[in-house]
Engineer: 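Quick one: structure below, then a few questions.
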There are 2 protein chains.
Amino acid sequence: MSRTNHQLRLAARPVGQPRPTDWGHVEEQVGEPGDGELLVQVLYLSIDPAMRGWMNAGKSYIRPVEIGEVMRAGAVGRVIASRHPDFAVGDHVSGTFGVQEYCVSDGRGVIKVDPALAPLPVYLGTLGMTGVTAYFGLLDIGRPLAGQTVVVSGAAGAVGSVVGQIAKILGCRVIGIAGGERKCRSVVEEFGFDAAIDYQAEDVRKALRQHAPDGVDVYFDNVGGDILDAVLTRLARGARIVICGAVSQYNNTEPVKGPSNYMSLLVNRASMTGMVVFDYADRYSEATTQLAEWLADGRLKSMEDVVSGGVAAFPETLMRLFRGENLGKLVLKIADE
Amino acid sequence: MSRTNHQLRLAARPVGQPRPTDWGHVEEQVGEPGDGELLVQVLYLSIDPAMRGWMNAGKSYIRPVEIGEVMRAGAVGRVIASRHPDFAVGDHVSGTFGVQEYCVSDGRGVIKVDPALAPLPVYLGTLGMTGVTAYFGLLDIGRPLAGQTVVVSGAAGAVGSVVGQIAKILGCRVIGIAGGERKCRSVVEEFGFDAAIDYQAEDVRKALRQHAPDGVDVYFDNVGGDILDAVLTRLARGARIVICGAVSQYNNTEPVKGPSNYMSLLVNRASMTGMVVFDYADRYSEATTQLAEWLADGRLKSMEDVVSGGVAAFPETLMRLFRGENLGKLVLKIADE
């Protein structure tokens, strides 16, 4: 059976915001899996702020996507052919399958997922990398104690919404920072944070003085820029800042704005530590088991923002993320389940 | 016996560099110590970059010096009268006696020192707060392992020169950053660092590529600004940055320059942590005992830059520090021993 694979390949390294011309649409015939390989039909793609970094040349925590290469993306799909002992036709799997409709894989980094336990998009969000990032970033780097104040930026986003909910489960006071009234309402009403600060409408520094009068013990930073600088002015003694991302800076054409209030780290004996989820690869199941339990309990809500349109819609969907239009995990649907 | 006490009091909060008009010279009669007090004749004052911060209003790790108050300073002196059970006339002591010739103290924070074991100025440097800062900052926050690469800024200064020497004792490769050929020569020839980078003459980033080809495991930062930003580009995986000071920024009238390369913390899973020596108050003797042993062994060299001129010379001596003119610990002599 001959199938056509629609792919999106990186055509040029963007300067600032990615443009349509940075992408090349390619059609290929889908090959048969070789010995030890499986063929996956991609159903959903994970749309992540980190993707912008992968498009840049230069050393980072992961190698860049090369010009001409299929754009890297986490995905869930269905096995439609297999010569791999661990995977059978009909299995649902997650893995880094890329922005394409079909992927031949050698099985490395591929995990079976169960659509009976959770809808497939959840395996890209709360039960996927974003949930695992939230879990280890908060618990391992942030280390909040019950009663402490935890502040999360990008609070209505995939990682932030899970971070805040875990902190609530731990007994913390949790304040989310998000852009716009709709997101802030969702942060409080749906995700159960104690308060939300709308950085588009409020002075973040002043609002923190009100909502975190004893200072911020843990700040989970997804955005960088002015918000990081504002939170630095409100640290409690011994505060921990988790640097998970800096989405406000990813499309900059000017140099990144460094946190000019960083000397607050000294004044408050605080730390700022970078976190990359891949370092926890051998502990992923610890996180997903716990997250699945909380989901089943109803203590944790997973929200996915599923966009349709297939591979062709990827460039515009990625821009939605940088415009901050998503609520919860942004997922691009590639094919019917 | 009537004695006159010449004092330097803060007259105005400086904007940018301190000016002569920010200081008030005051003469007072020296009082007799009350019950439980001692009277100290000040012999040497410690001149520290942190003094600039103490002159500013606002919350910091220590309360500001108030307008009209004697300027805070660490000092060593001799007890000339005592109604305190722990101190006798003739004892040599260190404490926060301030920029003045005599100080009545209740004994809190006052430590006896022995001029037979080390010259008195050493108790303001290697066996004083600066040595203790170097010791705990490096060992407790930096946590270098033998064979790792340690970079120190302000390497010819009081703290930096001790940090680098301790790192050498631990078996690290040590690179100092300092300003000017004379300091760089001293860093290598007198303090025994493996290499020195002259930030006034060299491109720090390029020089680090040469001297730290496998990246920087520990960076002990005394200066902030562009040098911090340069080191951030050369971090090894899991690097620890100790934020001890930011002397390049203390006299700024413009906002502090934040480290625009801070996202290197994420890429390299690195941390940046502030350190204030006062937090180690109950462990000072652990540090000074070890430092004294290394000094006695000859494994550690203490260098003091002792300036004479008494209390009146304080404003100009402090500026020498910010102009980077000192080599080793800058000490102002107030009276003959």
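Chain letters run A, B, ... following the sequence lines, proteins first and then strands; every chain starts at 1.
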Engineer: So with a 6.0 Å cut-off around CZ of A/Arg205, is the heavy-atom count from everything else above 12?
Structural biologist: no
Engineer: Other residues, nucleotides and ligands only: do more than 12 of their heavy atoms fall within 6.0 Å of CZ on A/Arg108?
Structural biologist: no
Engineer: Would you mind telling me which of A/Arg269, A/Gln249, A/Met275 has the largest number of heavy-atom pairs within less than 4.5 Å of chain B?
Structural biologist: A/Arg269
Engineer: Do the non-hydrogen side-chain atoms of A/Arg237 and B/Asp279 ever get within less than 4.5 Å of each other?
Structural biologist: yes
Engineer: Which residues in residues 50-65 of chain B have any heavy atom lying under 4.5 Å from a heavy atom of chain A?
Structural biologist: B/Lys59, B/Ser60, B/Tyr61
Engineer: For B/Ala270, which atoms come within 4.5 Å of any heavy atom of chain A: side chain, backbone, both, or neither?
Structural biologist: backbone
Engineer: Can you give me the closest heavy-atom contact between B/Gly258 and A/Tyr262, atom names plus distance?
Structural biologist: CA-CD2, 4.4 Å
Engineer: Go through the atoms of B/Leu235 and report whether side chain, backbone, both or neither lie under 4.5 Å from a heavy atom of chain A.
Structural biologist: backbone
Engineer: Does any non-hydrogen side-chain atom of B/Val256 lie less than 4.5 Å from one of A/Asn261?
Structural biologist: no
Engineer: Decide if atom CZ of A/Arg19 counts as having more than 12 heavy atoms of other residues, nucleotides or ligands within a radius under 6.0 Å.
Structural biologist: no
Engineer: With a 4.5 angstrom heavy-atom cut-off, which part of B/Ile141 approaches chain A: side chain, backbone, both or neither?
Structural biologist: neither
Engineer: Report which part of B/Asn268 has an atom under 4.5 Å of a heavy atom belonging to chain A: side chain, backbone, both, or neither.
Structural biologist: side chain
Engineer: Find out whether A/Leu266 and B/Val276 are in side-chain contact, i.e. whether some heavy atom of one side chain is under 4.5 Å from a heavy atom of the other.
Structural biologist: yes
Engineer: Counting only heavy atoms not in A/Arg13, do more than 12 fall under 6.0 Å of its CZ?
Structural biologist: yes
Engineer: Are there residues of residues 218-225 of chain A that reach to under 4.5 Å of chain B by heavy atoms, and which ones?
Structural biologist: A/Asp221, A/Gly224, A/Gly225
Engineer: Considering non-hydrogen atoms only, spot the tightest contact between B/Gly245 and A/Met263 and give its length.
Structural biologist: C-CE, 4.0 Å
Engineer: State the OG-CD1 distance between B/Ser271 and A/Ile241, to the nearest 0.5 angstrom.
Structural biologist: 12.0 Å
Engineer: Under 4.5 Å heavy-atom distance to chain A, tell me which part of B/Met272 shows up: side chain, backbone, both or neither.
Structural biologist: both
